[in-house]
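FYI, side chains are in, hydrogens and waters are out, and symmetry mates aren't considered; it's all heavy atoms of this structure.
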Amino acid sequence: FALSRRAIEAGKHVICEKPLFGSISDVDRMADIVAKTDRKFMPIFQYRYGSGLQKLKMLIEQGLAGKPYLTTIETHWWRPPAYYEVEWRGKWSTELGGGLLGHAIHAHDMLNYVHGPCAELFAFGDTLLNQIEVEDTMALAVRMKNGSLATLSMTLGSREEFDAAIAKVEA
């Protein structure tokens, strides 16, 4: 937050990696700071600009995709214990969250980009795979404001990715 504020106040545009900040109130505070300038502040959500998602967005905006009913998003990756040997990984104080925020956030951003904001959310999260402070497994059920439903799952213990990594090492 402090670095972003200093850059905005110095007259710079800011592109900030996720997570932006540790709280919604910090996001609101930054929005107030930016509103007093002619500068731009942008979080990194690069997948919004991929050609496939842009085509889907256009089809929806033109009314050609039909009414949305259900979206399913699965972010199933593999992160072994060695991944967390990097000092700042897997800790609340340095990552501000786990796999949902650090890995699956882009897929979830695409959901909101295409269908708009969430109305309700119910989630279970746990640390089931690695000895870390933050979650490595999540299951979410979402009601979107557009009336559709979404299910989202995230794991950093994907057996498929694990098997692929082992095959690559053995090759």
Side-chain angles (χ1 to χ4, degrees), residues 1 4-5 14-35 40-79 83-84 89-161:
F1 182 90
S4 296
R5 182 184 63 227
V14 174
I15 299 173
C16 188
E17 182 58 273
K18 47 86 171 118
L20 286 180
F21 310 118
S23 70
I24 297 295
S25 65
D26 282 348
V27 174
D28 292 341
R29 285 184 9 197
M30 183 56 65
D32 291 342
I33 292 167
V34 172
K40 303 285 184 203
F41 183 89
M42 185 180 117
I44 295 178
F45 286 118
Q46 70 272 23
Y47 294 105
R48 285 187 177 196
Y49 305 101
S51 61
L53 191 61
Q54 287 300 307
K55 288 175 186 174
L56 175 60
K57 182 84 168 165
M58 179 193 68
L59 291 171
I60 291 169
E61 288 172 352
Q62 292 182 0
L64 299 173
K67 181 180 176 181
Y69 294 104
L70 177 67
T71 302
T72 300
I73 297 174
E74 296 177 344
T75 305
H76 298 175
W77 295 350
W78 176 65
R79 295 293 180 265
Y83 176 83
Y84 293 102
R89 288 186 176 151
K91 295 181 176 79
W92 284 108
S93 64
T94 48
E95 286 203 278
L96 306 178
L100 187 67
L101 184 65
H103 297 284
I105 193 168
H106 294 289
H108 302 174
D109 174 64
M110 289 187 286
L111 172 70
N112 293 119
Y113 180 65
V114 170
H115 287 307
C118 301
E120 296 178 76
L121 172 86
F122 185 84
F124 285 106
D126 212 336
T127 308
L128 301 175
L129 306 158
N130 294 290
Q131 293 194 9
I132 56 177
E133 295 174 11
V134 296
E135 87 284 347
D136 57 21
T137 307
M138 293 283 296
L140 299 88
V142 182
R143 180 181 310 278
M144 305 300 294
K145 283 191 177 178
N146 71 5
S148 69
L149 302 177
T151 61
L152 304 101
S153 63
M154 180 282 303
T155 181
L156 299 179
S158 168
R159 185 66 194 187
E160 185 175 317
E161 280 211 353

Discussion item. For A104 versus M154, what's the shortest heavy-atom pair and its separation?
Written reply: CB-CG, 3.7 Å
Discussion item. I'd like to know whether CG of L70 has more than 12 heavy-atom contacts from other residues, nucleotides or ligands below 6.0 angstrom.
Written reply: yes
Discussion item. Salt bridge check, D32 against R29: does any charged N sit closer than 4.0 Å to a carboxylate O?
Written reply: no
Response to the item:
Value for CG (L56) from OG (S51), rounded to nearest 0.5 Å, stands at 11.5 Å
Item to complete: Might you confirm whether atom CD of Q131 has over 12 heavy atoms from other residues, nucleotides or ligands at distances under 6.0 Å?
Response: no
Worksheet entry | Reported OG1-to-CG distance for the pair T137 and L129, which is rounded to 0.5 angstrom | 4.0 Å
Worksheet item: Would you say the side-chain atoms of N130 pair up with the backbone N or O of R79, donor to acceptor, closer than 3.5 Å?
Response: yes
Discussion item. Could you check whether any side-chain N or O of E74 sits under 3.5 Å from a backbone N or O of S153, counting only pairs where one atom can act as donor and the other as acceptor?
Written reply: no
Discussion item. Please give me the minimum heavy-atom distance between N112 and M144, naming the atom from each residue.
Written reply: ND2-CE, 3.7 Å
Discussion item. H76 vs R159, test: side-chain contact (heavy atoms from CB on, under 4.5 Å). Steps then yes/no.
Written reply: CA-CA 9 Å; H76 298 175; R159 185 66 194 187; over 6 Å; no
Worksheet item: What orientation do Y83 and H103 show, parallel under 30°, tilted 30 to 60°, or perpendicular over 60°?
Response: tilted
Discussion item. Rounded to the nearest 0.5 Å, what separates atom CD1 in I60 from atom CG in N146?
Written reply: 9.0 Å
Worksheet entry | Shortest non-hydrogen contact between A107 and T75, atoms and distance | CB-OG1, 4.0 Å
Discussion item. Would the distance check show the side chain of K57 and the main-chain N or O of Y113 forming a donor-acceptor pair, the cut-off being under 3.5 Å?
Written reply: yes
Worksheet item: How about K91: does its NZ atom have over 12 heavy atoms from other parts shown lying under 6.0 Å from it?
Response: yes
Worksheet item: Is the backbone N or O of T72 less than 3.5 Å from a side-chain atom of T151, with the two atoms forming a donor-acceptor pair by type?
Response: no
Fill in: Pairwise distance CG(L20) to OG(S4) - rounded to 0.5 angstrom
7.5 Å
Worksheet entry | Side chain K18, main chain G102, donor-acceptor under 3.5 Å | yes
Discussion item. Applying salt bridge (charged side-chain N to carboxylate O under 4.0 Å, His left out) as the test, list every pair that has at least one member in residues 97-111; sequence neighbours left out.
Written reply: R48-D109
Worksheet, complete the sentence: All heavy atoms of S148 vs all of P68, minimum pair found to be CB-O, 3.5 Å
Worksheet item: Has Q46 got more than 12 heavy atoms of other residues, nucleotides or ligands less than 6.0 Å from its CD?
Response: yes
Response to the item:
So the salt bridge (charged side-chain N to carboxylate O under 4.0 Å, His left out) pairs with at least one residue in residues 116-143 (sequence neighbours excluded) are E120-R143
Worksheet entry | Side chain to side chain, F124 and M138, heavy atoms closer than 4.5 Å | no
Response to the item:
Shortest non-hydrogen pair, F41 vs V34, comes out as CB-CG2, 3.7 Å
Worksheet item: Roughly how far, to the nearest 0.5 Å, is the CD1 atom of I105 from the OH atom of Y47?
Response: 12.0 Å
Worksheet item: Roughly how far apart are M58 CE and L64 CG, rounded to 0.5 Å?
Response: 7.5 Å
Fill in: Neighbour count >12 (heavy atoms, 6.0 Å) for atom CG, L128
yes
Worksheet entry | Heavy-atom check, side chain of H108 versus side chain of L100, under 4.5 Å | yes
Item to complete: Search all heavy atoms of L111 against all heavy atoms of A150 and return the closest pair with its distance.
Response: CD2-CB, 4.0 Å
